[in-house]
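Scroll down for the structure; my scribbles are underneath it.
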Amino acid sequence: MDKVVFACVHNAGRSQMAAAFFNALADPAKASAISAGTDPGPRVHPEVAAAMKEAGLDLGGATPQRLTAELAAGARHLVTMGCGDACPYVPGARIQDWPLEDPKGKPVERVREIRDQIRGRVNALVAAEGWGRAER
(Lines give C-alpha, C1' and ligand atoms only; values in the text may rest on other atoms or scores of the structure.)
Protein backbone atom coordinates (compact mmCIF):
# COMPACT_ATOMS: atom_id res chain seq x y z
CA MET A 1 0.00 0.00 0.00
CA ASP A 2 1.23 3.49 -0.86
CA LYS A 3 1.46 6.30 1.66
CA VAL A 4 0.88 9.94 0.70
CA VAL A 5 1.75 12.84 2.97
CA PHE A 6 0.05 16.22 2.54
CA ALA A 7 1.96 18.99 4.30
CA CYS A 8 1.34 22.66 4.98
CA VAL A 9 2.45 25.03 7.72
CA HIS A 10 -0.23 24.73 10.41
CA ASN A 11 -1.90 21.45 9.35
CA ALA A 12 -5.17 23.23 10.00
CA GLY A 13 -6.44 23.86 6.49
CA ARG A 14 -5.07 22.81 3.10
CA SER A 15 -3.34 19.59 4.11
CA GLN A 16 -6.31 18.48 6.24
CA MET A 17 -8.67 19.02 3.29
CA ALA A 18 -6.35 17.19 0.89
CA ALA A 19 -5.92 14.15 3.14
CA ALA A 20 -9.67 13.95 3.79
CA PHE A 21 -10.49 14.07 0.08
CA PHE A 22 -7.73 11.56 -0.69
CA ASN A 23 -8.91 9.04 1.88
CA ALA A 24 -12.50 9.39 0.66
CA LEU A 25 -11.52 8.87 -2.99
CA ALA A 26 -8.67 6.35 -2.88
CA ASP A 27 -9.07 2.62 -2.47
CA PRO A 28 -7.77 1.98 1.08
CA ALA A 29 -6.18 -1.25 -0.12
CA LYS A 30 -4.04 0.75 -2.55
CA ALA A 31 -3.17 4.00 -0.76
CA SER A 32 -3.83 6.17 2.26
CA ALA A 33 -2.96 9.71 3.21
CA ILE A 34 -1.90 11.56 6.31
CA SER A 35 -1.55 15.27 6.82
CA ALA A 36 0.90 17.21 8.93
CA GLY A 37 2.39 20.66 9.35
CA THR A 38 5.77 22.21 10.01
CA ASP A 39 4.29 24.46 12.75
CA PRO A 40 0.99 22.80 13.73
CA GLY A 41 -1.86 24.95 14.94
CA PRO A 42 -4.11 24.16 17.89
CA ARG A 43 -7.06 22.97 15.77
CA VAL A 44 -8.46 22.78 12.25
CA HIS A 45 -9.62 26.24 11.19
CA PRO A 46 -13.40 26.52 11.77
CA GLU A 47 -14.00 27.91 8.27
CA VAL A 48 -12.21 24.88 6.80
CA ALA A 49 -14.21 22.42 8.91
CA ALA A 50 -17.45 24.13 7.81
CA ALA A 51 -16.52 24.06 4.11
CA MET A 52 -15.57 20.39 4.32
CA LYS A 53 -18.80 19.53 6.12
CA GLU A 54 -20.64 21.07 3.15
CA ALA A 55 -18.71 18.64 0.94
CA GLY A 56 -19.79 15.70 3.11
CA LEU A 57 -16.53 15.25 5.02
CA ASP A 58 -16.28 15.80 8.77
CA LEU A 59 -12.99 17.16 10.10
CA GLY A 60 -14.38 17.49 13.62
CA GLY A 61 -12.04 14.82 14.98
CA ALA A 62 -8.96 15.94 13.05
CA THR A 63 -6.04 17.24 15.09
CA PRO A 64 -3.04 19.09 13.61
CA GLN A 65 0.24 17.21 13.99
CA ARG A 66 3.90 18.02 13.41
CA LEU A 67 5.52 16.85 10.20
CA THR A 68 8.56 14.81 11.16
CA ALA A 69 10.93 12.63 9.20
CA GLU A 70 9.58 9.64 11.13
CA LEU A 71 5.98 10.47 10.21
CA ALA A 72 6.88 10.89 6.54
CA ALA A 73 9.12 7.80 6.40
CA GLY A 74 8.09 5.39 3.68
CA ALA A 75 5.87 7.87 1.88
CA ARG A 76 5.62 7.41 -1.87
CA HIS A 77 4.44 10.99 -2.37
CA LEU A 78 4.94 14.20 -0.42
CA VAL A 79 2.63 17.01 -1.47
CA THR A 80 3.59 20.36 0.01
CA MET A 81 1.35 23.40 0.23
CA GLY A 82 3.19 26.45 1.45
CA CYS A 83 5.74 25.07 3.92
CA GLY A 84 8.67 26.02 1.69
CA ASP A 85 12.13 25.29 3.05
CA ALA A 86 10.66 23.92 6.29
CA CYS A 87 9.26 20.87 4.46
CA PRO A 88 11.43 17.82 5.08
CA TYR A 89 13.22 15.78 2.47
CA VAL A 90 11.65 12.35 2.26
CA PRO A 91 14.00 9.80 0.66
CA GLY A 92 12.29 7.96 -2.16
CA ALA A 93 9.19 10.16 -2.20
CA ARG A 94 8.02 12.02 -5.25
CA ILE A 95 7.58 15.61 -4.19
CA GLN A 96 4.96 17.94 -5.61
CA ASP A 97 4.26 21.49 -4.51
CA TRP A 98 0.72 22.76 -4.83
CA PRO A 99 0.83 26.55 -4.55
CA LEU A 100 -2.54 27.03 -2.90
CA GLU A 101 -3.73 29.98 -0.86
CA ASP A 102 -4.04 29.49 2.90
CA PRO A 103 -7.78 29.45 3.75
CA LYS A 104 -7.29 30.74 7.31
CA GLY A 105 -9.53 33.70 8.00
CA LYS A 106 -10.86 33.89 4.46
CA PRO A 107 -14.54 34.45 3.64
CA VAL A 108 -16.51 31.22 3.22
CA GLU A 109 -16.81 31.77 -0.55
CA ARG A 110 -13.01 31.84 -0.92
CA VAL A 111 -12.57 28.81 1.38
CA ARG A 112 -14.99 26.91 -0.87
CA GLU A 113 -12.93 27.86 -3.93
CA ILE A 114 -9.71 26.66 -2.27
CA ARG A 115 -11.50 23.46 -1.16
CA ASP A 116 -12.65 22.80 -4.70
CA GLN A 117 -9.14 23.42 -6.10
CA ILE A 118 -7.77 20.89 -3.62
CA ARG A 119 -10.49 18.37 -4.48
CA GLY A 120 -9.62 18.71 -8.19
CA ARG A 121 -5.90 18.21 -7.58
CA VAL A 122 -6.52 15.19 -5.32
CA ASN A 123 -8.87 13.67 -7.91
CA ALA A 124 -6.17 14.07 -10.57
CA LEU A 125 -3.48 12.53 -8.32
CA VAL A 126 -5.65 9.53 -7.41
CA ALA A 127 -6.55 8.96 -11.07
CA ALA A 128 -2.96 9.38 -12.33
CA GLU A 129 -1.60 6.84 -9.85
CA GLY A 130 -4.43 4.30 -10.26
CA TRP A 131 -5.48 4.56 -6.62
CA GLY A 132 -9.21 4.96 -7.28
CA ARG A 133 -11.86 2.76 -5.76
CA ALA A 134 -13.18 -0.04 -7.94
CA GLU A 135 -16.59 0.53 -9.43
CA ARG A 136 -19.33 -1.62 -7.92
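The structure presented is a predicted model; accordingly, all values stated were derived computationally and were not measured.
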Shortest non-hydrogen contact from [X] to [Y]?
X	Y	value
A33	N23	N-OD1, 2.8 Å
C8	S15	SG-OG, 3.0 Å
V48	G13	CG2-CA, 3.8 Å
K3	G74	CB-O, 4.2 Å
A7	L78	CB-CD1, 4.2 Å

To the nearest 0.5 Å, what is the distance between [atom1] ([X]) and [atom2] ([Y])?
X	Y	atom1	atom2	answer
L25	L125	CG	CG	10.0 Å
S32	F22	OG	CZ	7.0 Å
I118	R14	CD1	CZ	7.5 Å
Q117	E113	CD	CD	7.0 Å
L100	M81	CG	CE	7.0 Å
K106	I114	NZ	CD1	6.0 Å

Would you say [X] and [Y] make side-chain contact, with heavy atoms under 4.5 Å?
X	Y	answer
R121	F21	no
I34	F6	no
M17	P103	yes
Q96	H77	yes
R76	E129	yes
H10	P64	no

Does a donor on one side chain sit under 3.5 Å from an acceptor on the other, for W131 and D27? no

Pair Q65, N11: side-chain N/O donor-acceptor within cut-off below 3.5 Å: no

For K104, look at atom NZ and say whether over 12 heavy atoms of other residues, nucleotides or ligands are found less than 6.0 Å away. no

Is the backbone N or O of V9 less than 3.5 Å from a side-chain atom of D39, with the two atoms forming a donor-acceptor pair by type? no

Decide, yes or no, whether a salt bridge links E47 with R115 under the criterion of side-chain N to carboxylate O below 4.0 Å. no

Hydrophobic cluster membership, V122 vs V44, 4.5 Å side-chain cutoff: yes

Under the side chain to side chain contact (heavy atoms under 4.5 Å, CB included) criterion, do V79 and V5 qualify, and how do the steps go? CA-CA 6 Å; V79 179; V5 176; over 6 Å; no

